[in-house]
Amino acid sequence: MRALRVVEVDAGRRPVPGSERTLPADLVLLALGFSGPDRRDGLVDQLGLELDPRGTITRDAGFATNVPGVFAAGDAARGQSLIVWAIAEGRAVAAAVDRHLTGTTQLPAPIGPYDRPMVV
């Protein structure tokens with residue numbers, strides 16, 4: 001069985017005793033809102049994800065990382081940004097994952113991984 005172990009945390013991000021539980025999962029998407037992976041001893045190292053000089057996860061034009069089947073979007077790959085960019089990237093990476101799994105997609109991909117806001 002694949003699962004995700006979770007625990008509630010208090011305002012100081014300390015685990016709340018007795019709150020740990022396991023949720024069955026086939027797919028886990030993390031949307032945390034941060035400036036990039038701040039701990040290298042967790043998922044980034046466990047998966048062997050490559051980081052760029054800014055400390056964000058590297059990815060190709062299809063949002064794929066250096067690890068087959070692992071995709072990165074939002075703050076983890078773009079760096080700290082606006083929520084609208086994270087939403088757009090979430091939709092675009094969903095299309096990339098769909099394409100990876102099925103060979104095609106009909107899902108919208110509103111932006112690419114290297115798009116930047118227009119300055120007017």
Side-chain angles (χ1 to χ4, degrees):
M1 176 176 101
R2 291 181 149 178
L4 176 67
R5 284 185 28 211
V6 297
V7 63
E8 292 180 34
V9 295
D10 62 21
R13 294 190 179 183
R14 293 177 297 272
V16 174
S19 67
E20 186 174 317
R21 62 189 186 279
T22 302
L23 304 171
D26 291 324
L27 174 67
V28 175
L29 302 173
L30 302 175
L32 304 173
F34 56 102
S35 60
D38 59 352
R39 292 189 55 196
R40 306 300 186 257
D41 61 343
L43 192 59
V44 170
D45 276 350
Q46 289 174 20
L47 293 175
L49 297 173
E50 291 178 358
L51 302 177
D52 66 17
R54 297 178 308 140
T56 57
I57 299 170
T58 60
R59 59 192 178 173
D60 65 17
F63 294 91
T65 68
N66 61 298
V67 178
V70 176
F71 298 80
D75 296 352
R78 178 177 292 275
Q80 192 170 9
S81 187
L82 298 174
I83 187 65
V84 294
W85 281 96
I87 292 167
E89 281 202 359
R91 294 176 62 110
V93 82
V97 171
D98 187 37
R99 189 175 303 104
H100 173 77
L101 294 173
T102 67
T104 187
T105 190
Q106 294 182 12
L107 297 174
I111 63 171
Y114 308 117
D115 291 348
R116 295 284 177 219
M118 290 178 52
V119 178
V120 289

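Listed by first then second residue, pairs satisfying salt bridge (Lys or Arg N to Asp or Glu O under 4.0 Å) with a partner in residues 16-25 read R5-E20, E8-R21, not counting sequence neighbours. Sequence neighbours left out, the pairs with a member in residues 90-112 that pass ring-ring contact (aromatic ring centres under 6.0 Å, His included) are F71-H100.
A73 approaches F63 most closely through the heavy-atom pair CB-CD2, 4.5 Å. For the pair D98 and Q106, the tightest heavy-atom approach, listed with the atom from each and the gap, is OD2-N, 4.1 Å. Considering all non-hydrogen atoms of both residues, A77 and A72 come closest at CB-CB, 3.9 Å. Closest non-hydrogen pair, G74 versus R59, comes out as N-NH1, 4.3 Å. Between G62 and A96 the shortest heavy-atom distance is O-CB, 3.2 Å. When every heavy atom of V67 is checked against every heavy atom of G48, the shortest pair comes out as CG2-O, 4.0 Å.
Judged by distance alone, with hydrogens and angles left aside, the side-chain atoms of T56 form no donor-acceptor pair with the main-chain N or O of G79 at under 3.5 Å.
In D10, the CG atom is crowded: over 12 heavy atoms of neighbouring residues, nucleotides or ligands sit closer than 6.0 Å.
Applying side chain to side chain contact (heavy atoms under 4.5 Å, CB included) to I57 and the options L51, L47, N66, D52 leaves one that passes, L51. The residue from D75, I111, V84, D115 that alone fulfils the side chain to side chain contact (heavy atoms under 4.5 Å, CB included) condition with E89 is I111.
Both V70 and L43 are part of a single hydrophobic cluster, where members link through side-chain heavy atoms under 4.5 Å apart. Using a 4.5 Å cut-off between side-chain heavy atoms of Ile, Leu, Val, Met, Phe, Trp and Tyr, with links allowed through other members, L101 and L107 fall into different hydrophobic clusters.
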Passes side chain to side chain contact (heavy atoms under 4.5 Å, CB included), R54 versus R78? Steps please.
-> CA-CA 10 Å; R54 297 178 308 140; R78 178 177 292 275; 5.7 Å; no

